[in-house]
Asks: 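Here's a structure for you.
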Amino acid sequence: VPILTNIGCLATCASPAGQDDIGVIHDAAVAWRDGIITWVGPADRVPDEHAAGPVWNAGARLVTPGLVDCHTHLAFGGWRAGEFTSRISGASYAEIARRGGGIARTVRDTRALDERALADRAAAFAAGMVELGITAIECKSGYGLDVETELRLLRAYRRVADETRARIVPTFLGAHVVPAEYRDDREAYIGLLVEELLPRVRAEELAEFCDVFVEEGAFTPDEARTILGAARALGLGVKLHVDQLTDGGGAALAAELGATSADHLEHVSPAGIEALASAGVVAVTLPLATLYLDQDPPPARDLIEAGVAVAVATDFNPGTAPSYHLPLALLLACTRQRMTPSEALKGATRFAARALGREASWGAIEPGKAADLAVIDAPDVDQWLYHHRPNACVAVVAAGRVVWRMDRLGPAQPS
Ligand SMILES: [Zn+2]
């Protein structure tokens, strides 16, 4: 029975309600067996049967649940730094797309890579994320946009799950945009998704969720109904990219379709917020994408006040969010979305797990949940997100095993 003790501040996130309720226990300890937490409480009251195993000392630091990044596009070919620079110089997305850039560029670069190469790139990103305290990552396809490459991306994620310490939740995003070769026959592409790709994804059990990008220039609400209706009939969960660049009624659509999460929401309407609240859909906010696109942030305060669970994720992708730094996204959720550090943490743990249908096992530190833990070199959550550092995470436990420790822990930062 391993035990982690001398935890200065343990943020358990044990309560299913309350965006700011992170269930802090001071001077705490956590014990686990076979990767599952067996006991949580004050360090001076550890029961004898939990005091016999290897003991890890947190050095009076903060310990949080392993962070959950519930929205990424982890596997892709190439990068798009040239477009980043063009946009700074004034080029619009439409101009970049006309020159063959944007998603189309990444689709070309992705189709050129085999499964091994895609998995190696994604695994390298996942390893970097684990060092930041992330133990679970949702991973979308969507840069293949043909049968072979979409399946290849999802098979690459299966390799990443087998070959890294991160838990992977794969999502099929064949409906990212309509690929160039179907520009004049959208219906044929939707037919390909519904009649060929989705059944093959299901038969090989390659994805848990199906996602659709609902936006002008991507897919309409009616097209999303067709695609997600077919996905649901095959037993897949439903996610949506909605209301990112315009208010397209996407939040109401997510509620109507019983989606697990509605993601982006920079332009969500008051009616959309009410619909998310009454349907219990998790709102996934993506502050790094908002930052890179220099947009106004989604109305997180209105969402929280309406009773919507607000998650925070990176949206890591080579175009609009080329960073997988989830703690930086949490800082931006504080400063731009006016969420408190506690609210932001809940959004990257318990509520992020809810956005993946995994709240029963991930995202909280309580008996029966997975022993996924991040040791953070800060005395509490407020200090962690306020004093932003390249990496404040000093150790990570995943499925009960210490999978990463900073080489030289050194003394704690001055408090
Ligand atoms: Zn996305």
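If you read the sequence from its start, that first residue is 1, and numbering goes on from there. Quick caveat, the model's predicted, so the values are computed rather than measured. Order of listing sets the numbers, starting from 1, for every ligand and every atom in it.
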Asks: Taking the side chain as everything from C-beta on, heavy atoms only, tell me whether Phe76 gets closer than 4.5 Å to Arg121.
Replies: yes
Asks: Answer yes when Glu366 and Arg350 have at least one side-chain N-carboxylate O distance shorter than 4.0 Å, and no when they do not.
Replies: yes
Asks: Round to 10° and report the angle made at the Zn ion (ligand 1) by NE2 of His73 and NE2 of His71.
Replies: 110°
Asks: Is the Zn ion (ligand 1) less than 2.8 Å from at least one N/O/S atom of Asp263?
Replies: no
Asks: Which atom name does Asp315 have for its N/O/S atom nearest to the Zn ion (ligand 1)?
Replies: OD1
Asks: Would you mind checking if Glu163 and Arg116 are paired as a salt bridge, meaning a charged N to carboxylate O distance below 4.0 Å?
Replies: yes
Asks: Can you tell me which residue among Leu356, Val212, Leu228 is in a side-chain contact (heavy atoms from CB on, under 4.5 Å) with Lys239?
Replies: Leu356
